[in-house]
Amino acid sequence: MQEAFFVFITKISLYPTIVFTGLVMFVTLYWVVSLLGMADMDSVDVGETGSDAAVSDLSSTGFFTGLMLKFGLYGVPLVIILSLISLIGWLLSYLYTSFLHQNFDSGVLYYVFGTGALIFVLVVSMWLTGMIISPIRKNIARIPKRNSANNVGKIAIVRTLSVTDKHGEAELNDGGAGLILKVRSDNSTSLLKKGDRVMLVAYLEETNTYQVARVEDK
């Protein structure tokens with residue numbers, strides 16, 4: 001049992017699997033931090049939510065954004081995309097390390113073939129991730145969007161450890177399961193913290209966030 005565990009640890013530490021092992025550890029930590037309310041999950045923003053017009057006009061986007069559009073990696077939170085790419089890439093690279101990479105113990109060929117496998121696995125992982133999230137993205141697009149401005153004036157509860165001008169989330173009781181909203185505060189002298197009651201004073205459409213102000217308890 002211990003020997004099998006040692007072999008497993010050795011394989012996931014070999015190049016190129018170690019790259020995806022690191023990514024899996026990163027997204028796992030991010031999920032834990034998010035569930036504890038210490039970070040918020042932002043969605044990928046690629047203009048017209050990845051429409052055909054945007055995909056066909058990659059010249060007007062950056063390389064990274066254009067690549068994500070090309071593989072259909074848009075329309076869902078970025079952390080979900082990274083999680084799928086990491087898990088698929090880790091599995092494929094682990095199989096490569098187990099069955100093929102063992103033929104090259106060291107030397108130049110070890111890194112040449114390993115780098116080739118890394119690029120190939122990354123491309124395949126992005127392609128498969130795009131296929132997986134495609135039906136999810138289409139279903140999300142069919143959901144009628146609420147008028148976010150209607151939430152202005154309502155009271156929400158801060159769920160992240162703090163709220164700044166760049167980071168923060170609050171939960172709004174909408175009579176159902178509740179809404180998790182991205183909120184921002186410019187008041188650096190009175191730092192908002194988890195559990196504070198805040199009023200949504202303005203909706204910033206360009207960033208899909210709410211400006212909030214503390215509600216003093218009576």
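These numbers come from a predicted model, not from an experiment.
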Any residue meeting ring pair (Phe, Tyr, Trp, His ring centres under 6.0 Å) with Phe8, in chain and number order, not counting sequence neighbours: Tyr94
Excluding sequence neighbours, so at least two apart, what forms side-chain contact (heavy atoms from CB on, under 4.5 Å) with Thr28? Val24
Any non-hydrogen side-chain atom of Glu169 less than 4.5 Å from a side-chain atom of Leu181? no
Pairwise distance CZ(Phe71) to CG(Leu122) - rounded to 0.5 angstrom: 8.0 Å
Considering all heavy atoms of both residues, which atom of Gly114 and which atom of Tyr96 are nearest to each other, and what is their separation? N-OH, 3.8 Å
Heavy-atom pair with the smallest gap, counting every atom of Val215 and Met199: CG2-N, 3.5 Å
ILVMFWY network linking Met25 to Leu87, side-chain heavy atoms under 4.5 angstrom: no
Minimal non-hydrogen separation, Ile157 against Arg197, with atom names: CD1-CG, 3.4 Å
Which pair of non-hydrogen atoms, one from Ser93 and one from Thr17, has the smallest distance, and what is that distance? O-OG1, 3.0 Å
Within-4.5 Å side-chain heavy-atom neighbours: Leu82 and Tyr30: no
Look up atom CE in Met68 and atom CE in Met126, then write down how far apart they are to the nearest 0.5 Å. 7.0 Å
Which residues share a side-chain hydrogen bond (donor to acceptor under 3.5 Å, both in side chains) with Asn173, sequence neighbours left out: none
I'd like to check Leu172 versus Lys154 (side-chain heavy atoms, cut-off strictly below 4.5 Å). Are they in contact? yes
Under 4.5 Å between any side-chain heavy atoms of Leu73 and Ile85, yes or no? yes
Please assess Val201 against Tyr210 for the test side chain to side chain contact (heavy atoms under 4.5 Å, CB included), listing each intermediate value before the final yes or no. CA-CA 7 Å; Val201 297; Tyr210 289 88; over 6 Å; no
Residue pair Ile81 / Val76, side-chain heavy-atom distance below 4.5 Å: yes
Out of curiosity, Asp165 CG to Arg184 CZ, how far, rounded to the nearest 0.5 Å? 8.5 Å
For residues Leu204 and Val212: do they belong to one hydrophobic cluster (side chain heavy atoms under 4.5 Å, members Ile, Leu, Val, Met, Phe, Trp, Tyr)? no
Test your reading of the model: is there a side-chain donor-acceptor pair from Ser125 to the backbone of Gly89, 3.5 Å cut-off? yes
Strictly below 4.0 Å, N to O, side chains only: are Arg159 and Glu171 in salt-bridge contact? no
One should read off an interatomic distance between Ser185 OG and Gln211 CD, to the nearest 0.5 angstrom, of 6.5 Å
So, for Arg214 and Leu191, which heavy atoms are closest and what is the spacing to 0.1 Å? NH2-O, 3.0 Å
Taking only residues two or more places apart in sequence, or in another chain, which ones meet Thr207 in a side-chain hydrogen bond (donor to acceptor under 3.5 Å, both in side chains)? Thr209
For the residue pair Lys194 and Asp196, establish whether any side-chain heavy-atom pair is separated by less than 4.5 Å. no
Indicate whether any N or O donor in one side chain lies under 3.5 Å from an N or O acceptor in the other, for Tyr203 and Asn150. no
Give a yes or no on whether Ile132 and Val121 share a hydrophobic cluster (residues Ile, Leu, Val, Met, Phe, Trp, Tyr; joining criterion: side-chain heavy atoms under 4.5 Å apart). yes
By side-chain contact (heavy atoms from CB on, under 4.5 Å), Val19 pairs with (sequence neighbours left out) Tyr15, Leu118
Quick one: CD1 on Ile88 to CG on Leu128, what's the gap to the nearest 0.5 Å? 5.0 Å
Only counting residues at least two apart or in another chain, list the ones meeting side-chain hydrogen bond (donor to acceptor under 3.5 Å, both in side chains) with Ser86. none
Can you spot which of Thr10, Ile18, Leu14, Leu92 makes a side-chain contact (heavy atoms from CB on, under 4.5 Å) with Thr97? Leu14
Kindly indicate whether the side chain of Val198, heavy atoms from C-beta on, has any atom under 4.5 Å from the side chain of Val163. no
Could you tell me the separation between the CD1 atom of Ile80 and the OG1 atom of Thr129, rounded to the nearest 0.5 Å? 11.5 Å
Are Trp90 and Val123 linked, directly or through other ILVMFWY residues, by side chains that come within less than 4.5 angstrom of each other? yes
Short side-chain donor-acceptor distance under 3.5 Å, Ser83 and Trp31: yes
So, do Leu23 and Phe20 sit near enough that their side-chain heavy atoms are less than 4.5 Å apart? yes
